[in-house]
Amino acid sequence: MPPIALLTGCHSHPAAAANTAQVRAAHRAEVDSQRAQLEMILPPSKNRFMAVKSFESWENPYITVQPGMLELHVTLADDAPQSFGTGGMLRPIGARRQVVDISFDKLGEAMTAIPQSSWPYGRVVAIEEAHNTPKAGEPVVRRNMENAIGTLSDLGVEVYDIHDGNLR
């Protein structure tokens, strides 16, 4: 009995290629839609945010990059029209701050969900790496940071590094 020969090789799968192209097109359309929504927020005002050197003073949204997720920090606008008591015991700023854990693929959706009133500096977010990351997790956090910055850039959102005082 002759040996059975198996032939393997690269095969072109037009259906798989078409499916991949459709997924890419759908993703691109979603990013374009999110970008259009975010363009309703004013462009960044450098003279308002470049002097900020701490997250306690930062009023716009900011992101803390973790090994497995992103923490989105948002300060909601004060609804009271009068300035009496702003930031004081009756109207503490900490009561208006919210932290939401999001997955990396939901970053665009999360950005568009932030109310316009939470962007006093314009379309700019601050970003930082997680504190106390174990040495083994640092490369993952840095890679996640680069991916988050890339996504924000695709959305037309400026990224500010508070510690360096630079836009990324």
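Residue numbers start at 1 and run along the sequence shown.
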Atom pair OG1/CD of T151 and E146 - distance to nearest 0.5 Å: 12.0 Å
Nearest-0.5 Å distance that lies between atom CD in E158 and atom CZ in F49: 7.0 Å
Min side-chain heavy-atom separation Q66-E71 under 4.5 Å: yes
Least distance between heavy atoms, A130 atom then V141 atom: N-CG1, 4.4 Å
Gap between atom CD1 of I63 and atom CE of M145 - 0.5 Å precision: 9.5 Å
R97 side-chain N/O to H73 backbone N/O, donor-acceptor pair under 3.5 Å: no
Atom pair CD1 (I41) and CD1 (I114), whose distance is rounded to the nearest 0.5 Å: 7.5 Å
Same apolar cluster (I L V M F W Y, side chains within < 4.5 Å links), M69/V65: no
Any donor-acceptor pair under 3.5 Å from Q116 side chain to M40 backbone: yes
Closest heavy-atom pair and its distance - P120, R48: O-NH1, 2.6 Å
Minimum heavy-atom distance L107-A148, with the two atoms named: CD2-O, 3.9 Å
Considering all heavy atoms, the nearest S118-V74 contact: OG-CG1, 3.8 Å
Linked, directly or transitively: V125 and L42 (ILVMFWY side chains, under 4.5 Å): no
Residue pair L70 / F104: nearest heavy atoms and the distance that separates them: CD2-CE2, 3.4 Å
CD1-CG distance between I149 and N144, expressed to the nearest 0.5 angstrom: 11.0 Å
Inter-residue atom distance R123.CZ - L152.CG, 0.5 Å rounding: 12.0 Å
Trace of the side-chain contact (heavy atoms from CB on, under 4.5 Å) decision for I127 with D161: CA-CA 6 Å; I127 195 164; D161 187 334; 5.5 Å; no
Flag if over 12 foreign heavy atoms under 6.0 Å of NZ, K53: yes
Side chain proximity check, F55 to T64, heavy atoms < 4.5 angstrom: no
pair L38-T112: side-chain heavy atoms closer than 4.5 Å: yes
Residue pair T75 / E59, side-chain heavy-atom distance below 4.5 Å: no
Polar side-chain atom of N60 near backbone of A126 as donor-acceptor pair, under 3.5 Å: no
Hphob cluster co-occupancy, V140 + I102, side-chain heavy atoms under 4.5 angstrom: no
pair Y121-Y160: side-chain heavy atoms closer than 4.5 Å: no
Contact check, side chains of W119 and M111, non-hydrogen atoms, under 4.5 Å: yes
